[in-house]
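The next block holds one structure in the form of structure tokens; read it before the comments.
Reminder, nothing fancy here: chain letters follow the sequence lines and each chain counts from 1.
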There are 2 protein chains.
Amino acid sequence: MISGKFAITIHILTLLTKFPNDYLSSEFIAGSINLNPVLVRKEIANLKSHNVVESKEGKNGGTKLSVDPGKITLKEIFEMTFETINLGYAKNQPNPDCPVGKKINQNLSALYADMNQKVSLQLEGISLEDFSNQF
Amino acid sequence: MISGKFAITIHILTLLTKFPNDYLSSEFIAGSINLNPVLVRKEIANLKSHNVVESKEGKNGGTKLSVDPGKITLKEIFEMTFETINLGYAKNQPNPDCPVGKKINQNLSALYADMNQKVSLQLEGISLEDFSNQF
DNA sequence: TATATTTGTAACATATTTTATTACAGTATG
DNA sequence: CATACTGTAATAAAATATGTTACAAATATA
């Protein structure tokens with residue numbers, strides 16, 4: 001199972017891009033995603049820690065972008081919400097006495113690193129603004 | 001959480017490639033992966049349904065490759081064990097009355113489709129033999 | 001032919017991760 | 001001062017992944 005973190009974060013950021021002059025409440029955002037507002041606030045907390053958005057507490061509070069959506073790319077958003085692209089690893093440590101077991105994770109890592117590089121290149125070419133303009 | 005299906009399957013196939021003349025038992029394979037033999041047999045069942053390996057039941061039974069490891073690529077193995085590369089979707093159906101909610105999954109899908117194409121291209125260039133030769 | 005070994009598979013149990021809910025303190029607005 | 005927000009912790013529920021037990025069926029070989 002893949003967590004919805006990236007998708008949720010993109011959704012939030014797209015909304016903020018569409019309403020650049022408003023502080024949007026977590027409740028409003030949650031209504032669009034169809035998600036619990038607390039979970040929205042958690043993703044917003046993550047975005048805040050990366051200085052991508054800023055929030056205002058109290059009545060009429062909410063969140064707005066604090067970066068130019070033309071200047072931030074999906075790659076950066078990806079990195080804030082996802083470790084790396086990969087096709088998984090077996091859960092347990094493989095047998096170090098087997099030549100295959102000894103190197104399997106290392107070789108998978110190398111494969112996945114290449115994948116990440118390719119995906120990163122793709123995501124780097126798409127700004128938040130680009131993505132938002134599709135709506 | 002990403003399931004270890006792909007990693008486990010690659011591990012199995014690498015072992016089979018390394019011992020092309022033997023029927024390897026699920027117990028032996030499980031010992032290298034450090035995994036329950038039943039789970040190994042489940043992945044083998046999947047490989048059998050794709051005609052990649054063949055098994056012999058009974059004493060001294062086991063599994064061996066039924067394809068040329070130089071002729072099968074990681075892309076094919078990927079497709080047998082993984083649906084698609086993606087960065088996830090929010091769990092619930094988004095609000096169709098919101099312009100963003102209405103199109104978010106469609107736009108994410110398009111993004112992920114591009115990702116898959118790039119990754120597929122990479123995996124297509126690596127045969128099982130190539131991968132196994134790293135050990 | 002009897003025994004031992006192995007696959008195939010179902011049923012069930014446990015562990016882990018993801019999502020949801022409740023609760024409430026703190027803060028700003030009007 | 002009442003209202004409407006954020007921030008965050010604690011807990012619960014749901015979904016998925018992994019592990020275990022059990023046993024029928026198959027087959028080599030002694």
Side-chain angles (χ1 to χ4, degrees), chain A residues 1-9 11-12 15-16 19 22-66 81-83 86-94, chain B residues 1-9 11-12 15-16 19 22-31 33-50 52-66 81-83 86-94:
Chain A
M1 188 165 56
I2 288 181
S3 128
K5 230 169 134 62
F6 174 81
I8 290 164
T9 297
H11 196 142
I12 293 169
L15 287 169
L16 297 179
F19 297 94
D22 297 325
Y23 284 90
L24 302 185
S25 75
S26 62
E27 182 114 9
F28 174 82
I29 295 170
S32 172
I33 307 180
N34 188 12
L35 188 72
N36 193 291
V38 174
L39 301 179
V40 171
R41 297 206 284 273
K42 270 187 189 158
E43 294 315 320
I44 285 174
N46 181 41
L47 288 168
K48 281 176 62 178
S49 78
H50 288 93
N51 302 305
V52 173
V53 303
E54 59 201 68
S55 297
K56 205 170 65 176
E57 293 187 28
K59 189 168 178 181
N60 297 331
T63 302
K64 74 178 199 50
L65 274 185
S66 56
T81 56
F82 220 92
E83 320 71 57
N86 70 78
L87 305 182
Y89 296 91
K91 184 184 158 207
N92 302 324
Q93 168 145 44
Chain B
M1 186 165 54
I2 288 182
S3 127
K5 232 168 132 61
F6 174 80
I8 290 164
T9 296
H11 195 141
I12 293 169
L15 287 170
L16 297 179
F19 297 95
D22 297 325
Y23 283 90
L24 302 186
S25 75
S26 63
E27 181 114 11
F28 174 81
I29 295 170
I33 307 179
N34 188 12
L35 188 72
N36 193 291
V38 174
L39 300 179
V40 172
R41 298 205 282 274
K42 271 185 190 160
E43 294 315 321
I44 284 173
N46 181 43
L47 288 169
K48 280 176 63 180
S49 79
H50 289 93
V52 173
V53 302
E54 58 200 70
S55 297
K56 205 170 63 173
E57 293 187 28
K59 189 168 178 181
N60 296 329
T63 302
K64 74 179 197 50
L65 275 185
S66 56
T81 56
F82 221 90
E83 321 70 58
N86 70 79
L87 305 182
Y89 296 91
K91 184 184 157 207
N92 302 323
Q93 169 145 42

Do [X] and [Y] come close enough that some side-chain heavy atom pair is under 4.5 Å?
X	Y	value
A:K64	A:F19	no
B:S55	B:I44	yes
B:I33	A:P94	no
A:I8	A:L39	no

- request: Using only side-chain N and O atoms of A:S3, determine if any of them is under 4.0 Å from OP1 or OP2 of C:dT19.
  value: yes
Base, sugar-phosphate or nothing for [X]? Non-hydrogen atoms, less than 4.0 Å.
X	answer
B:K5	nothing
A:G58	base
B:T63	nothing
A:N60	sugar-phosphate

Value in whole Å for how far the [atom2] atom of [N] lies from [atom1] of [X]:
X	N	atom1	atom2	answer
A:Y23	D:dG7	OH	P	12 Å
B:E54	D:dA26	CD	P	18 Å
B:L47	C:dG8	CG	P	11 Å
B:K42	D:dT16	NZ	P	16 Å
B:Q93	C:dT19	CD	P	16 Å
A:E43	D:dT6	CD	P	15 Å
A:I44	D:dT8	CD1	C1'	14 Å
A:E27	C:dT21	CD	P	12 Å

Where the side chain of [X] is concerned, which of [options] is the nearest nucleotide?
X	options	value
B:R41	D:dA22, D:dG19, C:dT19	D:dA22
B:V38	C:dA10, C:dG8, D:dT8	C:dA10
B:N36	C:dT19, C:dG8, D:dG19	D:dG19
B:E57	D:dT8, D:dA26, D:dG19	D:dA26
B:L35	C:dG26, C:dT7, D:dG19	D:dG19

Between B:Y89 and B:L24, the residue closer to the 5' end of DNA chain C by nearest nucleotide is B:L24
| field | DNA chain C: 5'-proximal contact among B:N92 and B:S25 (nearest heavy atom) | value |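 Mapping each residue to its closest nucleotide by heavy atoms, the 5'-most match is B:S25.
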_Any side-chain to backbone donor/acceptor pair from A:D22 onto A:L24? Under 3.5 Å, distance only._
no
Taking every heavy atom of B:T63 against every heavy atom of B:L16, the minimum-distance pair comes out as O-CD2, 3.2 Å
query = Does A:K59 or A:S55 map to a spot on DNA chain D nearer the 5' end, using the closest nucleotide for each?
reply =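 The residue whose closest nucleotide sits nearer the 5' end is A:K59.
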